[in-house]
Amino acid sequence: MKKPDNHILVIFGASGDLTARKLIPAVHKLFCQEFLPENFAVLGVSRSNLSDEDFRKKVVIESSFLKDTNPDDIKAFADKLFYCSIDPKEQDQFSTLADRIEALQAEMNIEPNIIFYLSTPPSLYPIIPENLSTVGLNDENNGWKRVIIEKPFGYNLNTAQSLNESLKQSLSERQIYRIDHYLGKETVQNVLVARFANSIFEPLWNRNYIHHIEISAAESVGVEKRGGYYDTSGALRDMVQNHLLQVAALIGMEPPTHVDSYHIRNEKLKFFQSIRPYQKADIPTHVIRGQYVESVINGEKVAGYRNESGVDPESRTETYVAMKFFVDNWRWAGVPFYIRTGKKLPTRVTEAVIHFNHSPHHLFKSYQGVTNTNNQLVLRIQPSEGILMKFGMKVPGAGFEVKTVNMDFLYSSLASGNLPDAYERLLLDCMLGDSTLYARGDSVIAAWEFIDPILQHWENNPKETVYGYPAGTWGPNNADSLIEGDNFQWRYPCENLADDGDYCEL
């Protein structure tokens with residue numbers, strides 16, 4: 001595999017949780033697999049007053065993810081980590097950062113190629129690139145410069161548009177990498193392969209054979225210690241606008257001409273542009289929002305959302321949302337897409353389910369009665385990453401009783417056994433200059449154009465219903481009314497891919 005060019009990875013917000021929990025472990029895995037270039041360094045940047053050694057102890061030496069690693073290997077990796085203390089809001093301090101980067105490049109013989117990772121509050125997203133430009137750290141006349149931006153990319157349509165325009169003042173679109181860790185998950189990427197590399201699927205991947213598409217992202221945890229943040233965000237902003245619409249685009253997009261960033265992201269944009277906008281009258285019936293309430297799970301009392309720390313006692317922020325929408329193009333005309341996500345649901349699972357139409361000839365109806373035996377293709381994103389196919393087979397014995405059976409494939413069964421972490425894959429892609437799995441600005445805006453009217457409707461109608469659901473259940477019963485068709489319902493997945501039923505314990 002081609003190695004990236006020699007470069008420095010600069011992480012803003014380096015003293016924060018994301019750096020220690022996700023970014024440094026991902027870089028370490030790339031280091032151990034020899035994917036990093038020969039001359040490479042990580043420079044942590046934040047306001048905390050730390051030395052290089054302090055930073056190394058904090059994110060590597062004293063971290064649990066290296067507890068079984070050889071001490072010599074730990075030191076070899078830690079020696080590539082450095083630290084610079086500046087306030088990212090203060091423009092005049094960026095000359096200090098520029099000097100430190102220049103010194104590292106000379107010391108470690110690294111070309112002036114730099115990735116800037118913005119692991120910071122969103123308020124700094126427009127400020128840091130502008131401050132980088134004042135000292136020429138955005139200039140590509142001498143080496144490439146790339147900026148990775150974490151979600152959320154905007155709070156609504158207007159703020160997303162403003163952020164886009166602000167970034168364009170300092171950076172070109174090809175320098176901007178809007179990261180969505182869901183797109184780094186192996187099963188998400190495999191949607192493209194499953195569709196376009198298998199002739200048994202692509203001819204059926206349209207309105208003639210598919211009844212509906214269902215995408216679920218369930219979390220068994222509540223808001224934990226993020227109540228203050230979550231109460232200003234909600235499930236629609238936190239999960240649907242970015243993660244789940246991106247998954248929907250991979251499932252619904254047209255075949256790209258080439259497997260590269262330009263063509264794949266073009267087709268995703270076309271998908272977003274084809275989503276039918278909601279009329280005001282549609283939103284109350286097509287979008288169900290809920291909020292978990294106090295419950296008892298396994299004999300233990302569980303607090304409701306409004307009793308969580310940092311949450312407004314009269315909050316109407318949704319911890320659950322289920323929605324139905326249509327895509328107005330030839331392939332998907334009349335096929336409903338359903339998205340469901342929520343906190344304090346029975347299990348942690350993310351998957352997409354392709355529900356095929358019933359067989360047009362009900363030959364075995366007298367045996368199967370009201371049993372739902374439509375074929376399903378389940379693309380499991382997490383956990384138990386893999387693919388599951390559900391189809392009808394004859395039960396042994398007299399007659400023709402039909403039973404749904406499973407045929408599954410788990411990524412863990414592959415001989416290599418290496419399932420890369422999402423951040424590991426996405427960081428390596430950025431190092432290689434491959435933006436395929438990163439969101440492009442126009443697609444982000446197109447997704448916001450679909451979501452923003454829902455947010456505005458809720459804001460303008462504060463008494464719009466928020467359904468309560470007991471913590472540990474599959475959300476409000478009202479969400480069941482979204483699904484169209486006889487014998488069709490939401491799939492109730494469990495942690496193990498092939499297990500499903502009415503309830504999975506937390």
Side-chain angles (χ1 to χ4, degrees), residues 3-86 88 97 100-101 104-105 107-108 110 113-121 124-125 128 146-151 177-186 225-226 418-432 437-438:
K3 282 194 176 184
D5 299 330
N6 295 333
H7 68 279
I8 295 177
L9 171 62
V10 178
I11 302 176
F12 286 94
S15 60
D17 177 63
L18 180 66
T19 300
R21 187 169 52 89
K22 290 291 186 181
L23 302 184
I24 296 301
V27 175
H28 176 257
K29 287 182 181 178
L30 294 175
F31 173 77
C32 292
Q33 295 173 70
E34 300 183 351
F35 286 153
L36 296 179
E38 183 176 349
N39 299 333
F40 170 81
V42 175
L43 177 61
V45 178
S46 72
R47 292 181 299 176
S48 301
N49 187 20
L50 301 173
S51 66
D52 290 346
E53 286 303 319
D54 291 336
F55 181 58
R56 291 165 181 170
K57 286 181 181 179
K58 176 181 173 65
V59 299
V60 176
I61 298 174
E62 296 178 354
S63 295
S64 60
F65 78 93
L66 290 178
K67 61 182 179 181
D68 298 323
T69 306
N70 185 300
D72 292 338
D73 293 335
I74 294 176
K75 184 179 185 308
F77 176 66
D79 286 347
K80 292 185 175 293
L81 273 59
F82 304 88
Y83 188 82
C84 179
S85 176
I86 68 166
L97 175 62
R100 185 67 198 277
I101 289 174
L104 276 177
Q105 289 169 342
E107 176 187 342
M108 303 188 70
I110 300 176
N113 303 317
I114 311 171
I115 294 174
F116 298 99
Y117 197 115
L118 274 53
S119 178
T120 66
L124 292 176
Y125 293 170
I128 292 176
R146 297 165 188 157
V147 177
I148 299 178
I149 299 176
E150 273 283 347
K151 81 172 188 75
Y177 288 70
R178 299 168 187 81
I179 195 168
D180 185 335
H181 69 271
Y182 260 56
L183 297 183
K185 295 181 183 296
E186 197 69 28
K225 299 178 181 179
R226 299 169 64 237
N418 178 39
L419 193 62
D421 174 79
Y423 280 97
E424 183 184 341
R425 169 66 192 271
L426 292 169
L427 279 172
L428 180 59
D429 281 357
C430 183
M431 293 174 183
L432 293 167
L437 299 179
Y438 288 83

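When all heavy atoms are compared, the tightest approach of Ser119 to Leu18 is OG-CD2, 3.4 Å. When all heavy atoms are compared, the tightest approach of Lys3 to Leu432 is C-CD2, 3.9 Å. Nearest heavy-atom pair across Val59 and Ala14 is CG1-O, 4.4 Å. The two residues Leu437 and Asp429 come nearest to each other via the heavy atoms CD1-OD2, 3.5 Å.
Remark: Leu124 CG to Phe12 CZ distance equals 9.5 Å, nearest 0.5 Å. Distance check, rounded to the nearest 0.5 Å: CZ of Phe116 to CD1 of Ile101 gives 4.5 Å. Note that the CG atom of Leu23 and the CG atom of Leu426 stand 11.0 Å from one another [nearest 0.5 Å]. Here Lys80 contributes atom NZ and His28 contributes atom NE2; the two are 12.0 Å apart, rounded to the nearest 0.5 Å. A distance of 8.0 Å separates CG in Leu428 from CG in Leu36, rounded to the nearest 0.5 Å. Note: Arg146 CZ to Asn113 CG = 7.5 Å, rounded to the nearest 0.5 Å.
Taking the side chain as every heavy atom from C-beta outward, Asp5 and Pro37 never approach each other to under 4.5 Å. Side chains of Val27 and Phe40 form a contact here, defined as non-hydrogen atoms less than 4.5 Å apart. Looking at Pro25 and Asp421, their side chains never come closer than 4.5 Å, going by heavy atoms from C-beta outward. Between Phe77 and Val60 the shortest side-chain heavy-atom distance falls below 4.5 Å. Inter-residue side-chain proximity for Tyr438 and Ile179 is flagged as met; some heavy-atom pair is nearer than 4.5 Å. Side-chain contact check for Ile114 versus Leu43: every heavy-atom pair is 4.5 Å or farther apart. Leu427 places none of its side-chain heavy atoms less than 4.5 Å from the side chain of Ile115. In this structure, His181 and Lys22 have side chains that are not in contact, with every pair of non-hydrogen atoms separated by 4.5 Å or more.
The neighbour count for Arg47 CZ, taken as heavy atoms of other residues, nucleotides or ligands under 6.0 Å away, does not exceed 12. Within 6.0 Å of atom NZ in Lys58, 12 or fewer heavy atoms from other residues, nucleotides or ligands are found, so the atom counts as exposed in its surroundings.
Of the possible donor and acceptor atoms, one in the side chain of Asn6 sits under 3.5 Å from a partner among the backbone N and O of Asn39. Without hydrogens or angle criteria, Arg56 side chain to Ala78 main chain gives a donor-acceptor distance under 3.5 Å.
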Side chain to side chain donor-acceptor pair (under 3.5 Å) between Tyr117 and Glu150, worked out: CA-CA 8 Å; Tyr117 197 115; Glu150 273 283 347; 2.6 Å; yes
Step-by-step side chain to side chain contact (heavy atoms under 4.5 Å, CB included) determination, Met431 to Phe35: CA-CA 10 Å; Met431 293 174 183; Phe35 286 153; over 6 Å; no
Test side chain to side chain contact (heavy atoms under 4.5 Å, CB included) applied to Asp180 and Lys151, step by step: CA-CA 7 Å; Asp180 185 335; Lys151 81 172 188 75; 5.6 Å; no
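Test Ser48, Ser46, Ser51 against Tyr83 for side chain to side chain donor-acceptor pair (under 3.5 Å) and you get one pass: Ser46. For the side-chain contact (heavy atoms from CB on, under 4.5 Å) criterion with Ile11, the lone passing option out of Thr19, Thr120, Leu81 is Thr19.
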